[in-house]
Structure formats: C-alpha cells, structure tokens
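These notes are about the structure you will find just below.
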There are 2 protein chains.
Amino acid sequence: MAEHPTPIATVDIVLLTLAEGRLQVALAPRVAEPALGQPALPGGYVRTEEDAGLEPAARRVLRDKLGMAPRSLEQLASFGGATRDPRGWSISVAFLSVLNLDELAPGPALRLAPVDALPPLPFDHAEIVAAAVRRLRNKASYSALPAFLLPAQFTLAELHRVYEQVLGARLDPASFRRKIEEQRIIIPVGERRAGAHRPARLFALAPDAAREFDRTI
Amino acid sequence: MAEHPTPIATVDIVLLTLAEGRLQVALAPRVAEPALGQPALPGGYVRTEEDAGLEPAARRVLRDKLGMAPRSLEQLASFGGATRDPRGWSISVAFLSVLNLDELAPGPALRLAPVDALPPLPFDHAEIVAAAVRRLRNKASYSALPAFLLPAQFTLAELHRVYEQVLGARLDPASFRRKIEEQRIIIPVGERRAGAHRPARLFALAPDAAREFDRTI
DNA sequence: TGGTGTTTTGTGCACTTTACAATTAACTAC
DNA sequence: GTAGTTAATTGTAAAGTGCACAAAACACCA
C-alpha cells in the first residue's frame, strides 16, 4: 500500500435562496483560522469517525453548525489542489442546496449575498458559487429544482415568477403552464384565496420529483 | 485547527469507448491489494507532492499507468464513504473520458467490457460506471461529447451512427444533420472517398467545442 | 345585489421546430 | 454507360412554442 500524505478533505455547501427578488447565497463567518471571521461558504471537515458518506457529512455540517435540514441537497462537484487552501493540499466536495428563506431563517449569523455581487470570498469559494448558479440555471430548463426556492406549497404564478428570476429572462405564462403541467413534477393539492382575486390552485412537488434531479450526477 | 484522521483520496477514471457497436468501459487489473488482479477502473492515489489539482492527478494516473493522454476528460462526481474501500474511509473523485479505440490501443492489459454487461467490479465501481454512462447519454442531447468516440476526423454519417449507438435509439438522419450543423460544434475540413460510393464530407470538432461541455459542472 | 378591478386560467392561431418520407447527388465497379 | 450504394437535400405533415386575447373567480365597493 502506497504511503502518501493524504489531502485535507472537507465539504462545503452552497445554499441558494431568493431574497428581494434576487438569487442569493448564504455565507457564514469562518470560525477557524484560515480567513477567521470572514464570510465564506459553510463547510467543515469530513469526519471519518462519524460520517457514513459525503452527503451525510454535508448534512451533519448543516445540522451541527446551522441547525438546519434542507429538503434539497445534491452533490455539485469537487474542487482540489495544492494552493486553494493555505493549510495544504485540500479537496472540497461541494454541495448545492436550493431552499426558501423560511428554511434558512432562525439560525446563527448567516448573511446573504447576491450571487452576481459577491463580497470577496476566501479559498476558491467564488468559483464554487459560480458553478452552483450555473447548475441551478441549467436544471431550471428540465427539472423542478427552482421549486425548492418556494415553500412546500405554491401557485403556478409563484413558480413562474421564480423561474423568471432564476433564469433572468421572461417566460411566456401559457407555455410555462403547459410545459410544467405535462412534466408531472408538481401535483395540485387544494385551493387558496390570494387576498382579493381569483383563487389560485396550490401545488406541491411530486413525491418522486427528486429522481428527476439525478440527471447531472 | 481540527485534528481528524483524513480519508484516503483517490482518482478513478471511466474510459468509455465504442467497440463492436457497443459502448464499452476499459478495465485494468488491479496492481495493489484490495482486489489484487481483478479488473477495475484505472485509478490511483492523489499525490500531494506532485499533483497540482484533481484533473492533473487523473491525467498523471493515465499517463503513468496507461501511457495515454486522452483528448476528453471531465470530472464526473465524487464517491466517498466508510465502507466502499476496505482500507478505510475513502474519497474517489471520478473522471469521465470519452475516446476512440485508437487512443486506447497499444497499452498494457486493458480489457473492455460492455457497459450493460459488466463483470463483477470491486468497490463501488459499477455505480461509477453507471453514472458515467448516464452523463454521456445526457450530454449527447446537447453537446458533441459522443464525437470523441470517433477519430479526429469523421463523417456526418459516422457521427450519426455513434449517437444512435450511445443513445440506443434511432435518430432521423435529416433532423440529425440539421441540428448538428446549426450547433456549430463541428466544422468541415476536406473530402474523402469511402471506398465505393458518394464521398462524404469530413468534419472535426470545433476548437472551442470543449467549452460547451462545461454545462454539467 | 350587481358592477368593477384584478389575478388566475384557458383558448385560438401564427409560427417555428421536428419527424417522416421520398428524391437527388456522387461516386465505384462492372 | 448503367447498376448499385451511400451521402445529402428537399417537401410535407405533425408537434411544439410564442403571443394575444377571452373567460373564470374571487373581493371590494357602491
């Protein structure tokens, strides 16, 4: 068996949400030395004693450091190299979670930053965020991933607006409805009165919608 | 700084090629202990002293162990866990390379296995191969990745056949031509006489076609 | 109680894209 | 020069998409 020094292994999570009509990423102040105190992607070491795999490691970090258990979490890509971390050769397995503000809410000092106006970030975190945004925009064209930006139940009009904000483009309402409904990734649930107008049908993500998200990995 | 035991870090490469009209994966007999001698995905440790990054590590493994430098190489996904490798907690960053038989040729005891009739593979290599095939089939719908299954120059008819073999479905010749030509990912070069019939135009991948492949990461 | 404003939802049609079939083009071999 | 074979193009029907407008369903107000 070869005896090489092994790289540092971490997981970092890109939490994307919609706030003030813009796509934003959640940043946490770093609690350990490289870049102590600076805002960065939440992350942590892979702990071989307690983590069963990479995604479980990411979920543990989210649970322990931020007290959250997001509905959506998928592997994004891995970033490794000799110089990306001053501690030495490191591998960061990056994850992407798409969520709505309520899922993010109560926790510690999470700060939001628009993905197109990031503050300076340590390591290669800016690159990781860019990859996450590309992934979300891509998947918007063939999956319901952007639906995680909304609460568990939502109207077609809300979903329509979210897709437009994610893609940064106008989408035809009629075509959008036709396409979404025939994809069968969302299912109707009840009714609702939106204050003062025609009530909109409520939808939820189909139980098996997650399967559709596997297309990239 | 936390003091945790770090996982083993390796790279594994899925080499996909077309042989006997079927999509096949190249397997190398393992040269070290877990599963010594058994066919498996070519791979090796990440070497922090010599590798600058993850993709460079994969290229080094291919160069040193197989004497090859493939035209196509992209990160696939990472597979990690406590039980996938008997040596302990391990992370394998998997790469995908799509190539033609000539690129693969002279080397050592590489063996081909059809992706839909794999022999028993050690670790989670069967799962990694499955992910690679999904990725290639997916990208076939919007990129020229399958073109790497052909030599540097090829005809539209050859490309057409390759797409059909990759997707396992019939594609309309006329629509295929229109679509491929308007995507501008291949460019014409010369002429050629295919033995006994109307000569077909030769094409090559556009120099910047690689950019298009970034859509998944 | 009926009209008005507003948002959701559905419909009709032009236009574009794709599927399918058939035709033309270009060569070799005999 | 003709038959045979593959490459490439053209034409038409079907399917999908974009766009404008119409219908439906409420709250609110006179």
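Below, chains carry the letters A, B, ... as their sequence lines are ordered, and counting in each starts from 1.
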Just the rounded figure in Å: distance from [atom2] of [N] to [atom1] of [X].
| X | N | atom1 | atom2 | value |
| --- | --- | --- | --- | --- |
| B:E181 | C:dT18 | CD | P | 15 Å |
| A:I180 | C:dT8 | CD1 | C1' | 16 Å |
| B:H160 | C:dC20 | NE2 | P | 12 Å |
| A:I186 | C:dT9 | CD1 | C1' | 14 Å |
| A:L202 | C:dT9 | CG | C1' | 15 Å |

Identify, with sequence neighbours excluded, every residue that meets side-chain hydrogen bond (donor to acceptor under 3.5 Å, both in side chains) alongside B:E181. B:R201

List in chain and number order the residues that pass side-chain hydrogen bond (donor to acceptor under 3.5 Å, both in side chains) with B:R161, two or more places apart in sequence or in another chain; answer none if no residue qualifies. none

Considering all heavy atoms of both residues, which atom of B:F95 and which atom of B:A58 are nearest to each other, and what is their separation? CD1-CB, 3.8 Å

Enumerate all atom pairs, one protein N or O and one N or O from nucleotides 14-20 of chain D, separated by less than 3.5 Å.
| residue | atom | partner | partner atom | Å |
| --- | --- | --- | --- | --- |
| D:dG18 | OP2 | A:S175 | OG | 2.9 |
| D:dG18 | N7 | A:S175 | OG | 3.3 |
| D:dG18 | N7 | A:R178 | NH2 | 3.1 |
| D:dG18 | O6 | A:R178 | NH2 | 3.3 |

Restricting both atoms to N or O, compile the protein contacts to nucleotides 26-30 of chain D shorter than 3.5 Å, with distance only.
| residue | atom | partner | partner atom | Å |
| --- | --- | --- | --- | --- |
| D:dA27 | O4' | A:A196 | O | 3.1 |

Please name all residues satisfying side-chain contact (heavy atoms from CB on, under 4.5 Å) with A:V162, sequence neighbours left out, ordered by chain then number. A:L18, A:P146, A:L149, A:L150, A:V166

Using a heavy-atom cut-off of under 4.0 Å over every strand shown, decide if B:R201 touches base, sugar-phosphate, or nothing.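 If one applies the 4.0 Å heavy-atom cut-off, B:R201 turns out to touch the sugar-phosphate alone, with no base involved.
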
Pairing residues for B:D12 by the salt bridge (charged side-chain N to carboxylate O under 4.0 Å, His left out) criterion, not counting sequence neighbours: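 Applying salt bridge (charged side-chain N to carboxylate O under 4.0 Å, His left out) to B:D12 gives none.
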
Is there a side-chain contact between [X] and [Y] in this structure, where contact means two heavy atoms from C-beta onward sitting under 4.5 Å apart?
| X | Y | value |
| --- | --- | --- |
| A:V11 | A:E55 | no |
| A:L171 | A:H160 | yes |
| A:N100 | A:R71 | yes |

